[in-house]
Amino acid sequence: MKNICVIGSGYVGLVTGTCFADLGNNVVTVDIDEKKISKLKQGIMPIYEPGLEELVQRNVRAGRLNFTTSYEEGLKDAEFVFICVGTPSAVDGEADLKYVRSAAQSIAQHMKHPLIVINKSTVPVGTGDWTAEIIQKSQPNPIKFSVVSCPEFLREGSAMTDFMSPDRTVFGSTDREAAEAVAGLYAPLKAPIVITDIRTAEMIKYASNAFLATRISFINEISIICERLGADVMEVARGMGIDKRIGPHFLQAGVGYGGSCFPKDVKALANMALTHGMHPQLLNAVMEINDFQRKHVILKIRDLLGGSLEGKTVGLLGLAFKPNTDDVRDAPALTIARSIMNQGGKVKAYDPVAMENVAEELKGIILCQNPYEVAEDVDVLVLVTEWNEFKQLDMKRVLGSMKQPFLVDARNMYDGEKMRGIGFTYRSIGRGYDGAGVNAIPANGLPAIPAEKGAE
Ligand code: UGA
């Protein structure tokens, strides 16, 4: 049993703290947001994450997990302090480190005994050294501490399982003993361990996310070529993925990646390269393809409607950037909804858990109680997020209530032949067996989309 303090109660902080408590440690989570902490104390979660609420409540009841707004209280008995604060993108794509800076300063000001400070937030290479410098400068009296970088690889929607069964754990530090001590906290997980220097650990995180984003953009580019050449990208991905050197994961073509990680991290890595005099050609292409993928879906909708969205209504199934989360940060659905509204169309939508977040983000969107209500009187229905509950809808009923029979499956979730059999005019992504001429947007140049006001 160790005493652990976690700074930040966002996705990473909350999951890290709760899972460490569940492993039998004493954890105090500190957040400066009083509202959030008071809700957490009552067992109310600030985010939707399967399994989290139950685990938080169980560990609070067992007295192993506590929440506070006070650094003093959080650090009182702590041997390890995890920094898990947000690192949003600044205007130029660089990661904004103001929250990391303020956490480091607060730790320095309140620490009363030696500490191991662990950075879990995704931070630019070199931030570990910078954090150590800030702590040193901000300490009223010198007290020994070490900084360890321990990047997090968990995914929203499966965060608890990802934490408890990671593919690997990475620890980077100039102080090998400190890195080994942090590795000891993860020992019960029995995952392969990489101990390295601090900058390499920070780079492993960026390179991993950028590589996964690259795979997605790669298969999305292939999907566009498939559409033109009459091949099926789903089968192509399956055929590729069986090769052990390639593997099957992150080869699902669709509407492009979104969320709070890939878009921000690829941009930040490209920015790091740029500021050091390099031209990040591949990363730039990954981002360009990802932007295009959202436009590609909008073009499909427009194409079905004869080129104009003026006065038309589009229904969106799913708003979260992926299933099993209420996160709508950089969600493709929002880009699509904004673009439709900017082009004079109306948008109706339903998402099992993300609607509250969208209502705050996007004025003018019509939020519905269920998928069937979305379908009523719409000209086009678009499947944007592949939630399980959309998989077995009564599609005859859906079709029956629509104004026009147009279905765009932006995640290739439905069986095209079946949908056409029911009577839909069906479009998907890169499934050339639909007939290149049917599914593909015109080969003779893409029609321009009017500039998006207030787009992400
Ligand atoms: C991602 C990484 O997978 C985690 O390892 C990492 O810890 C996390 O970022 C982070 O840096 O914090 P996450 O953003 O939760 O996790 O979601 P993913 O499941 O990776 O999906 C990201 C996006 O890619 C989603 O929009 C998803 O729909 C899209 N995607 C994913 C595809 O379009 N195709 C695929 O084949 C896979």
Side-chain angles (χ1 to χ4, degrees), residues 8 10-16 47-50 84-89 95 119-123 150-163 165-170 191 202 204-223 233-234 236-238 240-241 246-269 286-287 289-294 296-297 318-336 354 383-387 409-413 429-430 456:
Y11 256 103
V12 174
L14 206 48
V15 172
T16 303
I47 49 167
Y48 172 81
E49 179 63 38
C84 304
V85 295
T87 51
S89 277
N119 203 348
K120 262 213 167 300
S121 302
T122 303
V123 289
C150 171
E152 184 50 71
F153 300 102
L154 57 83
R155 286 162 301 174
E156 290 183 19
S158 55
M160 323 303 290
T161 327
D162 287 350
F163 185 97
S165 326
D167 285 343
R168 80 307 208 177
T169 45
V170 176
E202 288 166 344
I204 289 172
K205 169 69 188 189
Y206 277 105
S208 301
N209 271 6
F211 184 72
L212 293 171
T214 302
R215 283 177 69 103
I216 298 170
S217 280
F218 175 84
I219 201 67
N220 280 334
E221 179 150 292
I222 294 293
S223 80
V233 72
M234 304 279 280
V236 171
R238 199 167 73 87
M240 285 170 63
I246 298 174
H249 304 294
F250 283 74
L251 284 179
Q252 170 68 46
V255 65
Y257 59 78
S260 66
C261 305
F262 287 176
K264 172 173 74 72
D265 293 350
V266 177
K267 216 195 250 177
L269 185 56
V286 167
M287 291 189 279
I289 293 166
N290 198 55
D291 285 345
F292 174 73
Q293 208 61 18
R294 296 178 187 198
H296 187 53
V297 171
L319 292 163
F321 81 96
K322 65 172 193 176
N324 299 321
T325 176
D326 63 349
D327 200 339
V328 294
R329 285 177 285 179
D330 213 340
L334 296 195
T335 311
I336 293 170
L383 184 281
V384 192
T385 315
E386 66 279 35
W387 282 96
D409 180 359
R411 298 281 187 172
N412 290 349
M413 199 178 82
I429 307 291
E456 287 154 318

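Since the model is a prediction, treat every value here as computed from it, not as a measurement. Residues take their numbers from the sequence shown, with the count starting at 1. Counting convention: from 1, in listed order, for ligands and their atoms alike.
Two residues are said to be in side-chain contact when any heavy atoms from C-beta on lie closer than 4.5 Å; T385 and V255 fail this criterion.
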Write 'none' if nothing qualifies; otherwise put on separate lines each N/O atom of ligand 1 with a protein N/O atom under 3.5 Å away and their distance to 0.1 Å.
{"unit_1": "ligand 1", "atom_1": "5 (O)", "unit_2": "F153", "atom_2": "O", "d": "2.7"}
{"unit_1": "ligand 1", "atom_1": "7 (O)", "unit_2": "E152", "atom_2": "O", "d": "3.3"}
{"unit_1": "ligand 1", "atom_1": "7 (O)", "unit_2": "F153", "atom_2": "O", "d": "3.2"}
{"unit_1": "ligand 1", "atom_1": "7 (O)", "unit_2": "L154", "atom_2": "N", "d": "3.2"}
{"unit_1": "ligand 1", "atom_1": "7 (O)", "unit_2": "L154", "atom_2": "O", "d": "2.7"}
{"unit_1": "ligand 1", "atom_1": "7 (O)", "unit_2": "K205", "atom_2": "NZ", "d": "3.2"}
{"unit_1": "ligand 1", "atom_1": "11 (O)", "unit_2": "K205", "atom_2": "NZ", "d": "2.7"}
{"unit_1": "ligand 1", "atom_1": "11 (O)", "unit_2": "N209", "atom_2": "ND2", "d": "2.7"}
{"unit_1": "ligand 1", "atom_1": "15 (O)", "unit_2": "E156", "atom_2": "N", "d": "2.7"}
{"unit_1": "ligand 1", "atom_1": "15 (O)", "unit_2": "K322", "atom_2": "NZ", "d": "3.3"}
{"unit_1": "ligand 1", "atom_1": "17 (O)", "unit_2": "K322", "atom_2": "NZ", "d": "3.0"}
{"unit_1": "ligand 1", "atom_1": "19 (O)", "unit_2": "K322", "atom_2": "NZ", "d": "2.8"}
{"unit_1": "ligand 1", "atom_1": "26 (O)", "unit_2": "G258", "atom_2": "N", "d": "3.0"}
{"unit_1": "ligand 1", "atom_1": "26 (O)", "unit_2": "F321", "atom_2": "O", "d": "3.2"}
{"unit_1": "ligand 1", "atom_1": "28 (O)", "unit_2": "R411", "atom_2": "NH1", "d": "2.9"}
{"unit_1": "ligand 1", "atom_1": "34 (N)", "unit_2": "Q252", "atom_2": "O", "d": "3.0"}
{"unit_1": "ligand 1", "atom_1": "36 (O)", "unit_2": "L251", "atom_2": "N", "d": "3.3"}
{"unit_1": "ligand 1", "atom_1": "36 (O)", "unit_2": "Q252", "atom_2": "N", "d": "2.9"}

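Qualifying side chain to side chain donor-acceptor pair (under 3.5 Å) partners for S208, counting only residues two or more places apart in sequence or in other chains: R168. By the ring-ring contact (aromatic ring centres under 6.0 Å, His included) test, Y206 is found to be paired with no residue, residues two or more places apart in sequence or in another chain being considered. Remark: F262 engages Y257 in a ring-ring contact (aromatic ring centres under 6.0 Å, His included) (not counting sequence neighbours).
Separating the CG atom in L212 from the CZ atom in F153 is a distance of 10.0 Å, to the nearest 0.5 Å.
With a 6.0 Å radius and a threshold of 12 heavy atoms from other residues, nucleotides or ligands, K322 has its NZ atom above the threshold.
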